[in-house]
Amino acid sequence: MSEALLRQRVAELRAEVRRLGELGDLSAARPVHEEIRQLAEQIGDPVLIELSICNLGTASIYEGGGADYLPRLRSILTETRSDENAFLAAYSISRYYENVKEHKKFLYYARIALQRAGTAGKLEWLLNARNHLGNALLAVSQIGDAAREYSNALHEADPDNITGVTLTYNLGYCRLLQHRAEEGIALLVRGLRGAVRLGARRAEAQV
């Protein structure tokens with residue numbers, strides 16, 4: 001198969017990954033990422049190989065594992081020439097430490113992920129990274145700083161997509177912790193209503 005056809009197949013698979021991501025089905029995306037990795041190695045594209053490893057690591061971490069991917073993810077973070085791959089590597093590593101409740105490492109890599117998201121220049125990644133950093137700050141009881149990250153991101157987020165809904169809910173939770181009950185409850189209700197709307201849309205997409 002020619003390189004052009006291989007890249008065309010990769011583009012088709014990446015579209016499928018995006019579709020599965022929108023449905024929240026990261027487990028189903030894992031074999032697709034594995035196929036992308038195999039094609040990337042056939043093409044010999046180092047950036048695409050790194051991307052596939054980051055995505056496989058994310059899928060493994062999502063399933064509760066991922067320790068075996070940490071050395072490769074750290075290598076990508078320090079050696080890659082791609083800001084996007086550096087962001088994905090840092091984000092995946094921080095998610096791993098979130099899962100195993102090593103909160104200081106979670107916060108450390110979440111800060112790196114935010115920095116790399118800003119360099120990569122993708123708004124949705126930046127908003128997700130701010131939400132993720134907020135989660136890390138909350139894990140070490142820095143409630144005010146966490147609320148600031150959620151609030152700053154929410155100003156730029158679409159309130160009707162998953163990122164906006166998550167930020168709304170997380171900020172509401174922080175407001176409750178800050179004893180701002182009325183504001184907190186209003187945000188939580190708004191976030192829950194948004195989650196219900198998103199769930200209905202996903203159900204329609206699967207029909």
Identify whether [X] and [Y] are in the same connected component of the hydrophobic contact network (ILVMFWY, side-chain heavy atoms under 4.5 Å).
| X | Y | value |
| --- | --- | --- |
| V100 | I61 | yes |
| L6 | V32 | yes |
| L88 | I76 | no |
| I49 | Y69 | yes |
| V140 | Y108 | no |

Exercise: identify the closest heavy-atom pair between [X] and [Y]:
| X | Y | answer |
| --- | --- | --- |
| V165 | P159 | CG2-O, 3.6 Å |
| A110 | S94 | N-CB, 3.6 Å |
| A147 | L171 | O-CD1, 3.6 Å |
| P71 | A67 | CD-O, 3.7 Å |
| A129 | A117 | CB-CB, 3.9 Å |

Measuring from [X]:[atom1] to [Y]:[atom2], what's the distance to the nearest 0.5 Å?
| X | Y | atom1 | atom2 | answer |
| --- | --- | --- | --- | --- |
| Q42 | R37 | CD | CZ | 10.5 Å |
| T80 | R116 | OG1 | CZ | 8.0 Å |
| T119 | E84 | OG1 | CD | 11.5 Å |
| E156 | L126 | CD | CG | 6.5 Å |
| L138 | L107 | CG | CG | 11.5 Å |
| I185 | L188 | CD1 | CG | 7.5 Å |

Exercise. Does the side chain to side chain donor-acceptor pair (under 3.5 Å) test come out yes or no for Y150 and D145, once each step is laid out?
Worked result: CA-CA 9 Å; Y150 297 140; D145 290 339; over 6 Å; no
Exercise. Can you check side chain to side chain donor-acceptor pair (under 3.5 Å) on N131 and T166, steps first, answer last?
Worked result: CA-CA 8 Å; N131 179 68; T166 302; 5.6 Å; no
Quick one: are [X] and [Y] in side-chain contact, heavy atoms under 4.5 Å?
| X | Y | answer |
| --- | --- | --- |
| I93 | I112 | no |
| I43 | R7 | yes |
| L187 | E183 | yes |
| R130 | N135 | no |
| L154 | N170 | no |
| E12 | Q8 | yes |
| L114 | E149 | yes |

Exercise. Is it true that Y91 and F87 have ring centroids separated by less than 6.0 Å?
Worked result: yes
Exercise. Ring centres of F106 and H132 under 6.0 Å apart?
Worked result: yes
Flag if over 12 foreign heavy atoms under 6.0 Å of [atom1], [X]:
| X | atom1 | answer |
| --- | --- | --- |
| Y97 | OH | yes |
| R74 | CZ | yes |
| Y173 | OH | no |

Between [X] and [Y] (side chain of the first, backbone of the second, donor and acceptor by atom type, cut-off under 3.5 Å), is there such a pair?
| X | Y | result |
| --- | --- | --- |
| T168 | G191 | no |
| N85 | C54 | no |
| Y96 | L70 | no |
| Y109 | K104 | no |
| S92 | A89 | no |

Exercise. With E35, which of R30, R14, R9 fulfils salt bridge (charged side-chain N to carboxylate O under 4.0 Å, His left out)?
Worked result: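 The residue from R30, R14, R9 that satisfies salt bridge (charged side-chain N to carboxylate O under 4.0 Å, His left out) with E35 turns out to be R9.
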Exercise. Checking side chain to side chain donor-acceptor pair (under 3.5 Å) for the pair E50/S82: CA distance, chi angles, key distance, verdict?
Worked result: CA-CA 9 Å; E50 289 173 351; S82 166; 5.4 Å; no
For this session: Go through L127 and E124 one step at a time and tell me if the side chain to side chain contact (heavy atoms under 4.5 Å, CB included) criterion holds.
Result: CA-CA 5 Å; L127 298 179; E124 194 64 20; 4.3 Å; yes
Exercise. With respect to E34, which candidate in L13, L39, N55, L56 satisfies the side chain to side chain contact (heavy atoms under 4.5 Å, CB included) definition?
Worked result: L56
